[in-house]
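What follows is one structure encoded as C-alpha cells, with my remarks underneath.
Heavy atoms only: backbone and side chains are in, while hydrogens, waters and symmetry mates are out.
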Amino acid sequence: MPFKRKLPDRATLTAHCDDGMTPAKIAERYDCRLDSVRHQLQTYGLLAVKSKSIPIEQAGKGPAPQDRSKRGIFLHADRVTIMRDTCCEFGGLAIRPMSLPRISMHIAQLAKKHPSLRGGQNGSAR
C-alpha cells in the first residue's frame with residue numbers, strides 16, 4: 001500500500017496562507033499533525049523560521065545575576081535571618097533567606113563575640 005500524502009502541494013498551501021488560514025486550521029482541514037504542517041510550510045518558505053539566538057540589541061539586557069554580598073546573618077527585632085544558597089526546582093542555586101524565630105538568640109550572642117559572622121551590609125542589631 002503506497003503512502004498517501006495528506007498535505008496539498010505548494011500552490012494550494014500558498015493559497016491557504018493568502019486566505020489567512022493558520023497552520024492549526026490547515027492541519028485540522030487535512031487531518032494531520034500541526035508539526036507536519038509547520039515543517040511543510042517552512043520547507044516551501046511560507047513560514048519564517050524563528051532563530052533561537054538572542055538579537056544583538058537585546059544582548060546583556062536580561063536579569064542581572066544575584067548579588068553574592070547578600071550572604072550572611074542578619075539580626076532583626078523578631079527574628080534572625082540567614083541568607084544561604086539553596087537548590088532551585090529547575091537546577092542551579094539561588095540565595096534565599098532562612099528565618100529563625102527570636103528564641104534562637106544564641107546566634108546573636110555568637111555574632112557579638114565574632115563580628116565576622118554578621119555578614120552582609122546589616123552590621124548592627126536592630
Side-chain angles (χ1 to χ4, degrees):
M1 183 171 166
F3 174 73
K4 182 181 176 190
R5 183 181 175 96
K6 290 185 176 182
L7 288 173
D9 61 347
R10 181 183 192 138
T12 309
L13 284 176
T14 304
H16 288 323
C17 290
D18 291 342
D19 291 341
M21 286 183 74
T22 63
K25 289 288 184 184
I26 295 172
E28 183 180 321
R29 182 176 204 167
Y30 292 101
D31 190 31
C32 61
R33 295 179 48 199
L34 180 59
D35 293 339
S36 301
V37 174
R38 284 187 183 145
H39 176 73
Q40 198 65 34
L41 291 173
Q42 288 173 357
T43 302
Y44 290 148
L46 301 173
L47 184 67
V49 180
K50 293 182 181 176
S51 172
K52 292 185 179 181
S53 63
I54 299 171
I56 193 70
E57 60 271 0
Q58 291 181 357
K61 294 184 180 176
Q66 292 185 349
D67 184 12
R68 296 294 182 193
S69 66
K70 293 182 180 178
R71 289 186 179 132
I73 299 173
F74 300 93
L75 306 176
H76 304 279
D78 59 340
R79 68 192 182 284
V80 176
T81 303
I82 301 172
M83 300 299 285
R84 57 177 289 171
D85 287 338
T86 56
C87 295
C88 294
E89 47 189 271
F90 301 111
L93 296 174
I95 298 176
R96 294 189 179 164
M98 182 176 74
S99 293
L100 301 172
R102 191 67 175 166
I103 58 172
S104 59
M105 286 310 301
H106 61 280
I107 295 176
Q109 293 300 322
L110 285 173
K112 286 180 185 176
K113 291 180 184 177
H114 306 282
S116 63
L117 288 178
R118 291 185 182 212
Q121 57 263 41
N122 189 6
S124 62
R126 291 186 200 180

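L34 and I26 fall into different hydrophobic clusters, where Ile, Leu, Val, Met, Phe, Trp and Tyr residues are linked whenever their side-chain heavy atoms come under 4.5 Å apart, directly or through other members.
Note that the OG1 atom of T81 and the CZ atom of R96 stand 15.0 Å from one another [nearest 0.5 Å]. Atoms CG and CZ, on L47 and R38 in that order, are 7.5 Å from each other to the nearest 0.5 Å. For the atom pair CG (L41) and NE2 (H16), the distance works out to 10.0 Å, reported to the nearest 0.5 Å. Taken to the nearest 0.5 Å, the CG atom of L7 stands 12.0 Å off from the CZ atom of R33.
Here the shortest heavy-atom pairing between V37 and P23 reads CG1-O, 3.8 Å. Minimum interatomic distance between K6 and Y30 (heavy atoms only, all atoms of both residues): O-CD2, 3.4 Å.
Every pair tested for salt bridge (charged side-chain N to carboxylate O under 4.0 Å, His left out) that includes a residue from residues 19-29 fails, sequence neighbours excluded, so the list is empty.
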